[in-house]
Structure formats: C-alpha cells, structure tokens
Number of protein chains: 2
Amino acid sequence: MNPFATHFDSLEEFADHVSELLQCPITIEDANHRLIAYSGHEHYTDPARTATIIHRRVPERVINSLWREGVIPKLLQSEQPVRVAQISEIGLGNRIAISIWKNKEALGFIWAIEMDEPWTEQQFDVLKQAAKAAKNLLLQAQIRKHKKEERIQEFFWKLLTGHFSSPHDIVEQCNELNVHVYPFFAVGIFQFQQHIQTQVERQIDYLLKTTQQLAVPLYTIDHQRLIVVVAPSSNVYGEAHIERFFRSFMAQMKERFRVDIVMGAFGNVYECYTNIAKSYEEAQTVLKMKRAFPHQLADVQSYQHLGMYQFFDLLFEKKRHGDFHNAALNKLKQYDAQHHTNLVETIETYLDYDSNVNETAKALNIHPNTLAYRLKRISEIGHIDLSNMSEKVKLYVDMKLDKYRAT
Amino acid sequence: MNPFATHFDSLEEFADHVSELLQCPITIEDANHRLIAYSGHEHYTDPARTATIIHRRVPERVINSLWREGVIPKLLQSEQPVRVAQISEIGLGNRIAISIWKNKEALGFIWAIEMDEPWTEQQFDVLKQAAKAAKNLLLQAQIRKHKKEERIQEFFWKLLTGHFSSPHDIVEQCNELNVHVYPFFAVGIFQFQQHIQTQVERQIDYLLKTTQQLAVPLYTIDHQRLIVVVAPSSNVYGEAHIERFFRSFMAQMKERFRVDIVMGAFGNVYECYTNIAKSYEEAQTVLKMKRAFPHQLADVQSYQHLGMYQFFDLLFEKKRHGDFHNAALNKLKQYDAQHHTNLVETIETYLDYDSNVNETAKALNIHPNTLAYRLKRISEIGHIDLSNMSEKVKLYVDMKLDKYRAT
DNA sequence: ATAGCTTTTGTGGAAATCCACAAAAGCTCG
DNA sequence: CGAGCTTTTGTGGATTTCCACAAAAGCTAT
C-alpha cells in the first residue's frame, strides 16, 4: 500500500504529507540545493534548516561541509537513504537524506531531521517511497524551466555579441525572462581541458547555482568554454570577490568532479548591461594573453591585472604594419647572434624581475656581477639608458611583442 | 682706370686675373663657403686652402674657427677687406679677405693669401675693385640656382606627404633636379621660436650648407619650422651623428645669429626614399610628445629615444574611446581627493625616477621613509603589485596618458 | 700558439635599500 | 576637546646594490 498514491496540488502539500508520516521536519531541495519545498509543522528545526529556508537555498558552508564529509557524493551514487551525524559547527542536527532520481540523473534531495528516537526500518521505507513520489512533482517544475532556458541562452548570446544598444531593452528582456538584474557585473570565461560533456554541464550548473560568493545570473557553454556573467555584491571589492570565486570554482571542479579547467579570466566590472559585450571582449583578451604569456600571467585572471598586456593587440597590429622597429633591440639581437651571447634574454629576464639584480642573477644562474657587466654592455651596445623608465618600457614591450608574434 | 673692365668667360678666368694682379693665390667662395673658383698659378698655398679646393668647400673646423675669431662676423658687417693673422692649428696662413655684396646681402667672399711682404694700400684697392666686379659674375650663378630651388621645394613636399610610391620615381626625380641620393637618411624638424624671416632663412641656408657633419640634401621652411632631410655617412652610428648635428645646429643658430630654436626632432633612419613620409611623421610625433611632456623629453630628439611615448597617439585614441579605465589609478585619485594626499603624484614621480627611492624622495622633498610608507599605502589602496613590471608599466602609461589628455 | 679581446667570477668597501619599530605631528569625528 | 586614526620622520641593522679593480677563463684571428 503506497501512502503517496494520492494527488498533490503542490510540492508544499507533499512535504507536509511526508512530514506527517515521519513525524519530523522535511525539506526538499533540487539538485543544486535550492529550496523546493519544506514542511510547516511545528517541530524542532536545526539552524542549518532555518538558514536554508530563509535564504531559499542551502548555505554554502553547509554544502561545502557535506561534500567534505562525503555525504553528497554518497547521495549522488545511490538511491539509498543516508544518515548524517550532527555537525555542530554548521548548525546541522542529525539528519536523514535521500536523493530523488530520474533515470540516471539526480533531480534533488529530501532531507529529514532525525528527532530524539533513531529511525525504524519502516520510516526509512516511507522515505524511499517519498523520494520516488517526488520525482514526478519535481519533473514538472524542471520542464517549465527548460523551455525558458533556451530563450535565455539566445538572449545571452545577443548580449555577448553586443546586439543591444539600449540598456532599457536589456532590462525589459531580463524581466520577461526572469533574469535578475544586478547593479554590477562582469563577464568571465573558463577554458576547459576538453569539450564539455553533458555530465560536466550538470556539474557546472550545480556549482554555479550553489555558490553564494556571488550571483551568476547568466551562463552558457560553448565547446570548451564556459561563459558566465558574475555579479559581485559590492563594487568596491567586486574584483577581489570575483577573483576568489574563480579560484574556488576551478578548485571545486577539480576536487569534486575531477574536471580540469585550464584557466579562467574575466573582464572589467560594469554597471550598464550594454557593456556585457565589452567585458566579454576583455575576458577573451585575458585568455589570449595568458595563452601567449603563460608564465608571466600564470596568476592573472582579471583584465584589470593584465597590466600592459591590455594594449598588446593594438600595438601588435601597428607593429605588423612595420612601425615600432626598435634599433636598440635589433642591435642586441645582432650582437647575440654574432658573439653567441644572451644579452636579449638577460635584459628580458632583468625586466621580468623588475630590475632586481639578485633575483635576475638567480634566475639566470649567473653571478650578480656578471649580470651587472652584461647590463653595462647592453646599455652600451643598444645605446639604452636603463635608468630611464620610458626607454625600459619601450624595450620591454618590444621584446614581449616579439614573443607575442611567435605565438 | 678699372682693371676689371673686361669680360670674363668664367669665374676661373676671373680668379686667375685677380691672382695675377695681386701676385698671390686667390679663392672665391659663395656665402656658404662653397668653393666657387680659385686661381691656378703656382704660388705657396696654405693647408686650409688645399683642403678647401680638394673638398670644394671650406672645412668646417676652419669655418668654426673663423667664427670664433670674429672674422666672419666682421666680413658680414662691412665691405672692407679684413686681415686675418695666421691660425696654425687649422693650417691657415696670413690672409686677406673681402665680402662680395649685392644690395644688403653678402653673396660670397674673396680670399687672398698674404705672401712674404705685407700688402700695400694699392693692393687693398685692387681687392676692393675685384669684390665689386665679382658681384655680377656670382649673381648669374645664383639666378640659375634659384629657379631650380623652386622645383626642388615642390618635389620635397611631395616626398614629405607620401606622394611617391615607387623608389625608382624618386631617384629619377632626384637625378633630374641634381639632388644627391644618399644610402641612409632621416627627416628632421626644427621648431623655431618665431616665424622664420628671410634673413634667418639665409642664416639657416648658410649653416646647412657649411656643415660637414652630415649631408642635408633637402630642406624647406614652413612658418616656424625648418624641415630637413639629413643623411649620415654611416648607418651604424647614424643616429648619434644626427643627434650631434642637431645640437650643434641649434647651438650655432643661437650663438652666431641669436636665433632661438625651441626644439629639434627627427624620425628613424631609413634606406628607401619612400619612407621619407614615415620619417617625417615620426619627427612630428617627437615634437608633439615633447610639447606634451617637456620635462621628461627635454633631451630627447630622436624617435628612437621617444621610448614608450612612441605609441601614445595610438593608445590615446583607444582611451578616448572609453577603454583602458584603470581601477587602481581611479582608487588612488579618489583617495587623494578625499584625504588631501599626494599618492598619484608620488607614484608618478617614483616611476619617473625609475623606482629610485632616494632620488624620488629628494624630488618630492620628503623623507625616504615617508616615500616607503606612501608606496606601501599605494599598493594597498590600488591593489597594485609595485614589483611587477607589467603592472607598473600599465599604471605609468595610464598616468602619462592622463597628462597627455590635459594638453 | 699567442696576443688581444670579451666574458665571467671574485673581493671589498661605500652607498642605498629594506624593514621593524617608535615617536611625533596632523586630521577627523563624536 | 580628545580618542583614534593616518601620515611623517627618525633610528638602527640586515641585506642589497653599485663600483672599481683584478684574476681567470674563453674566443678570435693572425
């Protein structure tokens, strides 16, 4: 006899029904730990549940903790209920959880709080039946969402390609599609090691939806790239927040799902949504430069911190035109070729290490005095004043542009 | 009774005639100390005269020496003969010189070597008559030249504005106009304090024609600017030679003629004459940047040494477009405004002085530790890593671009 | 092979930099 | 006004840089 053979008007009604059967509070989440429904009966409720209900999603530290403890992996592996012992640091009481499945995809979870008495076998059976019954209810909500997703995708690509010129149009479309408009945003890109498979898509969706470091109102997947709009809560430290989010996103993709992300990059933070295309361009520039200068830009993610590489595309265009030939650099190259020396490498490393003699010498495996001697020769041969910032900049840029050409 | 009442077929014949009357070697030069004619009789000839005849012009060190001794100023002031005592360092024997005049313009000079006996009054009279007689002969040569000059001017402007696309056409035209084609050249510009008057034009012509530091195959005058094509003898040190020439030209215009030249600038050295327009552009860029950054570029003349300012026009264009907004710089500016501090000035000066703490502190009139403290604050407030060359470059460039906009 | 060059490495001392710590002065805001 | 902050200046010591000089090693061309 199935206690769920009746029709439920809403998920709330369903949650209340389960709660009544099991005599404990019930919470239902989707696969991304968003609150779907919860029972309203007066029972004891642990702080984690309270927070979940208030914010309409499971707090991130709770999710992280559950991953660390291996709870969520276990839920994603089997359809069996999992008992979770109290974790007081995050305000989680004793819980029982079970995943809701459709074919091989986990659609969500049902959480129960284990009250004073340990559960009986019968209670576990009820929970398993509840999970099965929840499937159809959840599915309906999903379908409604899927259709909308497609329209959002199209809208997002229009934004990225600069299709809209009026901020008003954008906001209107956002409202229509139920996309929240945030006061500040930036566009970011993650470059994956491989073409992104459906399974990875789900994992991405999961991480983006569960993060609470910042909002991700829009995202899309394109071959090996994940493109996101990120909205930091404040403008002052917005960049730092995005930076942190990017690092943790890449770390989590690797740790939890063993998916390698080669690099991440994001453009400037803007206020006006017409700048999405610009921020996207900037993010692309960062990726391009990181590819050309993997060493120097190893831990640069933002366009802001691209430094001088920001204007490399522009300069390169000009250089290809035959402008900017650098007599000093040419002379050094020529000298190197004729005398089998390393003057160009020396000066480049020296500038890479911000004119720091010791570090440069260490990096080049030479005596500091050797470096000093070479620098003297460099300034003689190239007629360069190495204590003139402007000349140093020109030389440095020209050398890096040379490298850029080689890519 | 005038001993010059006969007709002379050539200036040579005239020189020989004077030489015979005075019993000494005679040399006739134009106003720019180019050799016009000389007597061929067998007399003693001092080394300075020999060199003049061989090179078809008076050696530059001789000219310089005569200026220094006040000889040439005296010749340009009066129509009287001037006695010049021997100057053995430059191989000049005892000489008598007189200028040749037409209206108020000196067309050239007659030089005689004073032999063993001091000259009699009668000999001086003969020389004076010779100077008068030389006038018409010289004038004829001048007129022929003037007409050609006009055609050359037109040709030169075509070159500067990039009118020719084929090097072959240029060389052909040069040959036709009797303009020597040199293997290397650059275009230079001198910016004068004032509109260039006819008298100054003559002085410019004089200096350009007499210099032997390098060749000046073409030049023209445009309002307050003198535009020249300079051809250094070698390519290796070409730049250095041009540099030296520019400094000495400006010094001499000032010393000899009291004419102020505000600044000089020249473009890259090229081989192909189709690049005249490019070198001209580059020289113009140097002038423009020197005007915008008079302090930093005070002793820069060449495009080569413009350093990073080479690409300022390009970057500025982009910046005006709204790109390249620098969050770090903005934060510093904002902090300065709110707290009445000088962080921006500090970092700019620091970078101007190539990150040299002592010099910067001196320039800012602060204690070195104060500077250190400010730098720490700057990196905190602007989230900048001041030991990262690329970030420093970006910040520096952005600050200078700000200044550039102000001009 | 050897003379004459460049290049590398070493030594030592003066000067500059970096850093931690602290006193004093200046500014802001309740 | 005065507490609490930022900013400036000072002191002292470890470290680094800068320079001059010299020895040694490497290269090149006669």
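What you see is a predicted model; the values in this text were computed from it and never measured. Computation of the quantities below employed the complete heavy-atom set of this structure, encompassing side-chain atoms and omitting hydrogens, waters and symmetry-equivalent molecules. Lettering of chains follows the sequences in order, A, B, ..., and the numbering in each one begins at 1.
- The listed nucleotides are C:dT9, D:dT6, C:dC18; the one nearest the side chain of B:Arg377 is D:dT6.
- Counting only N and O atoms by type, the side chains of A:Tyr353 and A:Asn358 include no donor and acceptor under 3.5 Å apart.
- Listed pair B:Tyr373 / D:dT7 meets the phosphate criterion, a side-chain N or O lying under 4.0 Å from OP1 or OP2.
- In this structure, A:Glu380 atom CD and C:dT7 atom P are separated by 10 Å, rounded to whole Å.
- Spacing between atom NZ of A:Lys376 and atom P of D:dA20 amounts to 9 Å, rounded to whole angstrom units.
- A salt bridge does not link B:Asp336 with B:Lys333: every distance from a Lys NZ or Arg NE/NH1/NH2 to an Asp or Glu carboxylate oxygen is 4.0 Å or more.
- Between A:Ile378 atom CD1 and C:dT7 atom C1' the separation is 13 Å, expressed in whole Å.
- In this structure, CG in B:Leu386 is found 7.0 Å from NZ in B:Lys392, a value given to the nearest 0.5 Å.
- Comparing atom distances between the A:Asn358 side chain and each of D:dT9, C:dT7, D:dT16 picks out D:dT16 as nearest.
- At a cut-off of 3.5 Å, with distance as the only test, no side-chain donor of A:Arg374 or A:Tyr350 sits close to an acceptor on the other residue.
- Between A:Thr370 and C:dT7 there is no side-chain N or O to OP1 or OP2 distance below 4.0 Å.
- With rounding to whole Å, A:Arg374 atom CZ is found 4 Å from C:dT8 atom P.
- Separating the CG atom of A:Leu375 from the P atom of C:dT8 is a distance of 11 Å, rounded to the nearest angstrom.
- In this structure, the NE2 atom of A:His367 is 14 Å from the C1' atom of C:dT7, given to the nearest Å.
- In terms of position along DNA chain D, the nucleotide closest to B:Ile381 lies nearer the 5' end than the nucleotide closest to the other residue of the pair A:Lys362 and B:Ile381.
- Contact annotation: B:Asn356 reaches the phosphate of C:dT17 (side-chain N/O to OP1 or OP2, under 4.0 Å).
- For the pair B:Glu359 CD and D:dT17 C1', the computed distance is 14 Å after rounding to whole Å.
- Here the P atom of nucleotide C:dA20 and the CG atom of B:Asn369 are 12 Å apart, to the nearest Å.
- Side-chain atoms of B:Ser390 and A:Lys400 form no donor-acceptor pair, as typed in the model, at a separation below 3.5 Å.
- Both B:His339 and A:Leu371 sit near DNA chain C, but only A:Leu371 has its closest nucleotide nearer the 5' end.
- Of the listed nucleotides (C:dC18, D:dC19, D:dT7), C:dC18 has the atom at the smallest distance from the side chain of B:Val357.
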